[in-house]
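Naming: A, B, ... by sequence-line order, numbering from 1 per chain. Only a predicted model underlies this, so the values are computations on that prediction, with no experimental measurement involved.
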There are 2 protein chains.
Amino acid sequence: MTEVPGKAAGDTRSRILDAAERLFMENGFDGTSMRMITSQAGVNLAAVNYHFGTKELLIQEVFRRRLTDLNRARLAALEALELEAAGASLKPSRIVDAFFGTALRMAADVEGGGHTFMCLLGRTYTEPNEFVRQFLAEEYAECVERFLAALYRALPEVDRKEILWRFHFMMGAMSYAIAGTDALQLVTGKFDDENPSQLAPRLMSFLLGGLRAPLAEFGGLK
Amino acid sequence: MTEVPGKAAGDTRSRILDAAERLFMENGFDGTSMRMITSQAGVNLAAVNYHFGTKELLIQEVFRRRLTDLNRARLAALEALELEAAGASLKPSRIVDAFFGTALRMAADVEGGGHTFMCLLGRTYTEPNEFVRQFLAEEYAECVERFLAALYRALPEVDRKEILWRFHFMMGAMSYAIAGTDALQLVTGKFDDENPSQLAPRLMSFLLGGLRAPLAEFGGLK
DNA sequence: GTTTCATTAAAACGTTTGTTTGAATCATAC
DNA sequence: GTATGATTCAAACAAACGTTTTAATGAAAC
């Protein structure tokens, strides 16, 4: 569990964040103790409370650190699209790429920890912890709203509720593709040594196929 | 936390399993204590260890109880298809329905706890706990193998690796559609009060759209 | 050199954790 | 009724938990 490589890299604060990010991803929030974090980071036990206050605030900071950048990058990509189109309607595939492609590019960064974080984020989507949910929702609100609005504009003939559902499904496919430990991997042998460069184009074409699929018909209630 | 409605329903064993299932879904394995389980079930603290041995074995039994039935139902649906086709090739959409539709029908059973279990299963796919992974993989192995073989036969012109990827993506979309607490729900307001009858046809058409999407092309490595 | 303030350190705090114990209770068989 | 085996019960166990405390250490300001 202990891994103290000379204490060379970074200050105490970011050492704690890096260690926490990885351990939360591997063991969940409740499965990761303060002592695991501080020994992995090579710092004193009290350092977490000193720098972050409580464990919950540490969790919050682990997300905030990366999520702010991710959603900023997504919005920048969307604005670039809108600027390029100069008033014309956007292709849905470009919008999807601005949102999901940006996340996949972050997940492809294994070295800098982007991959670890995206795995953590993926598993957190299914963690109904009220405290984390609330925080994630606030952090995502503006970004999701803007992208949904863009999709509504790009697909004016499609019922907005259907677009919402499909966005939901796309989120799921992506999260699981990144974070899913997956029964399959253990049955069939690992795919490609977690090489994310293989994942991105395959997932994008799947997502677009789902987005463009003919709408379902309902026998039942409206 | 305590909810002891007269101790009317079922024996101690199944009362514990029901309580554990719900609490694991809501709080995760580490976030759920023995005391939470036993007080929710209205039984003595020592009852879990008496009936199941350890917490880990209880977790195992929570999954085994439902997963055996689910995968049995999936395989029965597949065999019914094969019988009906009488040697002819199966439509991929029917195979997908036999696997994912069966799960969705289980998730639609709110009363009997099927919905709770599917939520738990969904969040467990992204929980890399080695003990749980191992168990899930064993429990899934045969079923997944049979369905993949059926898809390979139904789509002989498609590279098997691509089919494997898309199965992976479909698993993700479904898991998240059921278990995902989702930034969206908090941004946009809940969809339809978790009514699973709305979910199934929408998800199925999304899955089939993704499955049929044109294959991605790679600029990069094979 | 001394003061000052931010950081680190070791030790302890009271709770809660999963599990075990040994006696009490129950239903069934003789 | 009494013996038997399974189950339930209250109580206690050591270990681990998040957090706090108080003293030691560090570097910069005067």
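Take R166(B) and apply the salt bridge (Lys or Arg N to Asp or Glu O under 4.0 Å) test, not counting sequence neighbours, and it matches no residue. Among residues two or more places apart in sequence or in another chain, the ring pair (Phe, Tyr, Trp, His ring centres under 6.0 Å) test is passed with F169(B) by F206(A), W165(B). For R72(A), the salt bridge (Lys or Arg N to Asp or Glu O under 4.0 Å) partners two or more places apart in sequence, or in a different chain, are D69(A). In this structure E79(B) satisfies the salt bridge (Lys or Arg N to Asp or Glu O under 4.0 Å) test together with R146(B), sequence neighbours excluded. Under the salt bridge (Lys or Arg N to Asp or Glu O under 4.0 Å) criterion, E26(B) pairs with R22(B), not counting sequence neighbours.
Remark: side-chain polar atoms of R202(B) are not paired, donor with acceptor, to backbone N or O of E162(A) under 3.5 angstrom.
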What pairs of donor and acceptor atoms, side-chain ones from residues 96-108 of chain B against any protein atom, are under 3.5 angstrom apart with sequence neighbours left out?
from: T102(B); atom 1: OG1; to: A98(B); atom 2: O; distance (Å): 2.5

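The phosphate of dT7(C) (OP1 or OP2) has no side-chain N or O of T12(A) nearer than 4.0 angstrom. Residue H51(A) has no polar side-chain atom (N or O) positioned under 4.0 Å from OP1 or OP2 of dA6(C). Side-chain N/O atoms of S33(B) include one lying less than 4.0 angstrom from OP1 or OP2 on dT17(C).
Between I37(B) atom CD1 and dT19(C) atom C1' there is a gap of 13 Å when expressed in whole angstrom units. For the pair D11(B) CG and dA27(C) P, the interatomic distance rounds to 15 Å; values are reported in whole Å. Distance, F24(B) CZ to dG18(C) C1': 12 Å, rounded to whole Å. Distance, F52(A) CZ to dA6(C) C1': 16 Å, rounded to whole Å. Rounded to whole angstrom, the span from the CG atom of N44(B) across to the P atom of dT8(D) amounts to 9 Å.
Among residue pairs with one or both ends in residues 37-59 of chain A, none qualify as ring-ring contact (aromatic ring centres under 6.0 Å, His included); sequence neighbours excluded.
Other residues, nucleotides and ligands contribute more than 12 heavy atoms inside 6.0 Å of the CZ atom of R65(B).
Within the helix from dA6(C)-dT25(D) to dC30(C)-dG1(D), the inter-axis angle between the opening and closing five-pair segments is 10°, rounded to 10°.
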Write out a two-atom table: protein N or O, nucleotide N or O from nucleotides 19-27 of chain D, distance below 3.5 Å.
from: dT19(D); atom 1: OP2; to: K55(A); atom 2: N; distance (Å): 3.0

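Nucleic acid contact for T38(B): none, since no nucleic acid atom lies under 4.0 Å from a heavy atom of the residue.
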